[in-house]
Participant: 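Next up is a structure, given as structure tokens.
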2 protein chains.
Amino acid sequence: MATERPSLGLTERLQAALKERGQRWTEQRQIIVEVLAASDGHATGAELVERVREQDPSATPSTVYRTLDLLEELGLARHHHGPDGRETYHLEETVEHAHLHCRGCGAEQEMDAVVAAPILKAIATATGFSADLDHLSLHGLCRRCAAARGPSTPRAKAGE
Amino acid sequence: MATERPSLGLTERLQAALKERGQRWTEQRQIIVEVLAASDGHATGAELVERVREQDPSATPSTVYRTLDLLEELGLARHHHGPDGRETYHLEETVEHAHLHCRGCGAEQEMDAVVAAPILKAIATATGFSADLDHLSLHGLCRRCAAARGPSTPRAKAGE
DNA sequence: GAGTCTATCGCAACATGTTGCAATAAGTAT
DNA sequence: ATACTTATTGCAACATGTTGCGATAGACTC
């Protein structure tokens with residue numbers, strides 16, 4: 001029966017993983033996972049807290065953050081830090097990618113894992129360091145902003 | 001005379017730059033620059049605040065952070081965000097380098113500008129994005145930790 | 001030196017996370 | 001169904017930055 005459900009299991013996987021570790025399935029966690037899944041793409045910690053509180057006003061930030069940490073431990077979610085140091089979360093299902101943040105126009109660009117692979121390899125060769133792709137967040141100028149500033153102005157002040 | 005003074009000018013340069021912009025030279029700024037200069041290498045915002053307050057207990061965090069922002073605007077200092085999102089400052093004089101933070105042992109490794117240059121170029125070629133070397137902070141595993149985990153365990157949980 | 005203009009400062013409140021602890025409640029055994 | 005164990009929650013306090021505002025004090029003119 002119902003073998004057709006497409007992405008079956010997010011909740012079920014979580015329940016199973018928790019049980020295995022002697023941890024508990026609670027309504028708060030249900031809500032937080034739902035919110036995260038609904039926040040397709042990325043969402044900051046503060047945004048997630050707010051959305052969870054819409055569903056359940058009794059939820060507190062500490063619970064939300066602790067649950068997000070738990071989801072990371074279980075490998076179901078990941079987070080990285082934006083250019084201002086704030087946290088951004090997304091489900092692990094998302095395709096792996098690095099984040100490129102332009103300090104000129106503020107745009108967020110992604111770099112696919114396939115594109116990034118040789119670059120990570122180059123870093124490893126040069127330094128022995130194996131970088132995490134997904135936790136990688138670069139700051140700089142996108143093609144357009146770089147062009148706009150001319151090739152002779154590699155660095156200029158910008159808010160941030 | 002006295003053309004021999006080696007790194008003459010940090011304070012003097014700052015005074016001149018401020019004057020030019022119609023801004024003011026104050027004792028607080030003097031202290032903050034001194035502290036930053038003495039914190040050879042890197043220091044977090046909180047550390048700098050604390051050290052400044054040792055010199056002048058009346059100084060407040062807002063003043064320290066605002067001054068650090070100012071120093072960045074003037075191009076005398078830079079900051080980047082560590083793996084936990086906290087700020088780290090250093091004087092611009094420091095040799096340009098990227099930061100590699102190991103999530104295995106917590107060590108901080110640096111990647112020289114010369115080593116990084118071809119990597120940045122590769123990123124630019126692949127994506128059109130010009131990354132800032134100095135604001136670049138990678139997370140991953142250093143050579144030793146990567147080896148310790150074996151080649152088949154690319155990712156494992158770790159406090160971060 | 002006194003007066004003026006306004007950059008800077010200190011304070012207080014806020015934003016985003018984190019942590020310790022006592023109360024609650026999930027899961028299990030009786 | 002009841003009791004028990006302990007993971008989880010909510011609260012309150014803290015850590016690190018940020019922001020608005022009125023008071024202070026640089027720097028400049030007279």
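Quick note on labels: first sequence line is chain A, next is B, and so on, each numbered from 1.
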Participant: Grab the OH-P distance between B:Tyr65 and C:dA15 for me, whole Å please.
Facilitator: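 After rounding, the reported distance stands at 18 Å.
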Participant: If you define the side chain from C-beta out and look only at heavy atoms, does anything of A:Ser39 sit under 4.5 Å from A:Glu47?
Facilitator: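 They are not in contact (no side-chain heavy atoms under 4.5 Å apart), so the answer is no.
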Participant: Side-chain donor or acceptor of B:Ser62 under 3.5 Å from a matching atom on the base of C:dC11?
Facilitator: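 Checked by distance alone, the answer is yes.
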Participant: Distance check needed: D:dT8 P versus A:Arg21 CZ, whole Å only.
Facilitator: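 Distance, rounded to whole Å: 9 Å.
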Participant: Can you tell me whether the side chain of B:Arg66 and the base of D:dG20 have a donor-acceptor pair closer than 3.5 Å?
Facilitator: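 Side chain to base: pair found, below 3.5 Å.
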Participant: Got a second to check how far A:Thr26's OG1 is from A:Arg29's CZ, nearest 0.5 Å?
Facilitator: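 Result: 5.0 Å between the selected atoms.
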Participant: Look at the side-chain N and O atoms of B:Thr60 and state whether any lies under 4.0 Å from the OP1 or OP2 oxygen of C:dC11.
Facilitator: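 No, B:Thr60 has no side-chain N/O under 4.0 Å of OP1/OP2 on C:dC11.
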Participant: Nearest-nucleotide wise, let me know which of B:Lys19 and B:Thr88 is further upstream toward the 5' end of DNA chain D.
Facilitator: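 Result: B:Thr88.
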Participant: Rounding to a whole Å, what distance do you find between B:Asp56:CG and D:dT24:C1'?
Facilitator: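 Result: 14 Å.
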Participant: Please check if the side chain of B:Gln109 supplies one atom and the backbone of A:Thr127 the other of a donor-acceptor pair under 3.5 Å.
Facilitator: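 Side chain of B:Gln109 to backbone of A:Thr127, a donor-acceptor pair under 3.5 Å: yes, one is there.
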Participant: Tell me which of B:Trp25 and B:Arg86 sits closer to the 5' end of DNA chain C, going by the nucleotide each one is nearest to.
Facilitator: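 Looking at the nearest nucleotide for each, B:Trp25 comes out on the 5' side.
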Participant: With a 3.5 Å cut-off and heavy atoms only, can you find an N or O donor on one side and an acceptor on the other between the side chain of B:Ser58 and the base of C:dC9?
Facilitator: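 In this structure, the two groups form no donor-acceptor pair.
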Participant: Can you measure A:Glu47 atom CD to C:dT16 atom P for me and round it to whole angstrom units?
Facilitator: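 About 9 Å, once rounded to whole Å.
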Participant: If only side-chain N and O atoms of B:Thr26 are considered, is one of them under 4.0 Å from the OP1 or OP2 phosphate oxygen of C:dC9?
Facilitator: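 Checking B:Thr26 against C:dC9: at least one side-chain N or O falls below 4.0 Å of OP1 or OP2.
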Participant: Using atom CD of A:Gln28 as one end and atom P of D:dT9 as the other, report the distance to the nearest whole Å.
Facilitator: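 Those two atoms, CD and P, are 5 Å apart.
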Participant: Between A:Arg66 and A:Gln28, is a side-chain contact (heavy atoms from CB on, under 4.5 Å) present by the stated rule, with each step listed?
Facilitator: CA-CA 11 Å; A:Arg66 282 192 279 229; A:Gln28 313 262 8; over 6 Å; no
Participant: For B:Gln23 and for B:Ala46, find the nucleotide of DNA chain D with the closest heavy atom, then tell me which residue's nucleotide is more 5'.
Facilitator: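 Looking at the nearest nucleotide for each, B:Ala46 comes out on the 5' side.
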Participant: Take the protein atom CZ of A:Arg53 and the nucleotide atom P of C:dT16, then report the distance between them rounded to whole Å.
Facilitator: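 Between P of C:dT16 and CZ of A:Arg53: 13 Å.
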Participant: Testing A:His79, A:His90, A:His81 one by one against A:His42 for a ring pair (Phe, Tyr, Trp, His ring centres under 6.0 Å), which residue passes?
Facilitator: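 So the option named by the test is A:His90.
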Participant: Whole angstrom is fine here: how far is it from CZ in B:Arg29 over to P in C:dG10?
Facilitator: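 From B:Arg29 CZ to C:dG10 P: 11 Å.
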Participant: Quickly work out the A:His80 NE2 to C:dG17 C1' distance and round it to whole Å.
Facilitator: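 Distance, rounded to whole Å: 16 Å.
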Participant: Looking across every strand, which nucleic acid part, if any, lies under 4.0 Å from A:Gly85 by heavy atom: base, sugar-phosphate, or nothing?
Facilitator: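 The answer is nothing, as A:Gly85 stays clear of every strand by at least 4.0 Å.
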